[in-house]
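In what follows, a structure is listed as structure tokens, so that the remarks can point back to it.
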Amino acid sequence: MNDTTTTSAEQAIKDELRRLGWMIPDAQRRLNEHAQTMFRRAERAVKDMEAMMANQPCSMSWVDFAESDLRNAREAKAQLEFLYQQRTMLEFFLRKD
């Protein structure tokens, strides 16, 4: 491989690392948003179940959303892990031993 090819490859890797530099925080925010949604729904579920146990009106609709919430969180987690792996691989390629 000549110097021009090496430089082009290095530049492409650096460009991709810069892109990952904003993609990873975005993916982290998405995962955090899903976690916050799950947390709020869990708090509401606890209140509803306390009401149910006290023979008061309650909702059990949180059960219907739990699967969707979990699926969304898993997808966000998988995307974030993929981006982490991409970054690690690209950083490895840039290392000069």
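All values below come from the heavy atoms of this structure, side chains included, with hydrogens, waters and symmetry mates left out. In this text the structure is predicted, and so the values were computed from the model without any measurement.
The distance from atom CZ of Arg30 to atom CG of Leu80, rounded to the nearest 0.5 Å, is 8.5 Å. For the atom pair OG1 (Thr37) and CZ (Arg40), the distance works out to 4.5 Å, reported to the nearest 0.5 Å.
With contacts defined as side-chain heavy-atom distances shorter than 4.5 Å, the pair Glu91/Arg87 qualifies. A 4.5 Å side-chain heavy-atom check between Arg41 and Trp62 finds at least one atom pair inside the cut-off. A heavy-atom distance below 4.5 Å is not found between the side chains of Asp69 and His34. Looking at heavy atoms from C-beta onward, Met38 lies in side-chain contact with Leu70 at the 4.5 angstrom threshold. The side-chain heavy atoms of Tyr84 and Gln28, taken from C-beta on, include a pair separated by under 4.5 Å. In this structure the side chain of Glu10 never reaches within 4.5 angstrom of the side chain of Thr7, judged on heavy atoms. Inter-residue side-chain proximity for Ile13 and Leu17 is flagged as met; some heavy-atom pair is nearer than 4.5 Å.
A salt bridge is absent between Lys47 and Glu43; no separation between the charged side-chain nitrogens and carboxylate oxygens falls under 4.0 Å. A salt bridge links Glu16 and Arg19; the closest N-O separation between the charged side-chain nitrogens and carboxylate oxygens is under 4.0 Å.
In this structure, Pro57 and Ala51 approach most closely via the heavy-atom pair O-CB, 3.6 Å. In terms of heavy atoms, Ala27 sits closest to Leu83 at CB-CD1, 3.7 Å. Here the closest heavy-atom approach between residue Met49 and residue Ser59 is recorded as CE-O, 3.8 Å.
Residues Ile24 and Met89 fall within the same hydrophobic cluster, defined by Ile, Leu, Val, Met, Phe, Trp and Tyr side chains chained together at heavy-atom separations under 4.5 Å. Connection of Val46 to Val63 is not established within any shared hydrophobic cluster, with ILVMFWY side chains joined at heavy-atom distances below 4.5 Å, either directly or through further cluster members. Both Leu31 and Phe82 sit in one connected hydrophobic cluster of ILVMFWY residues. Membership requires side-chain heavy atoms under 4.5 Å apart, directly or through other members.
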field: side chain to side chain contact (heavy atoms under 4.5 Å, CB included) evaluation trace for Lys14 with Arg18
entry: CA-CA 6 Å; Lys14 288 176 182 177; Arg18 270 192 293 283; 4.1 Å; yes
- prompt: Should Glu81 and Lys77 be marked as a salt bridge (Lys or Arg N to Asp or Glu O under 4.0 Å) after you check the CA-CA gap, both sets of side-chain angles, and the distance that decides it?
  reply: CA-CA 6 Å; Glu81 288 175 339; Lys77 176 186 173 226; 3.6 Å; yes
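The neighbour count for Glu67 CD, taken as heavy atoms of other residues, nucleotides or ligands under 6.0 Å away, does not exceed 12.
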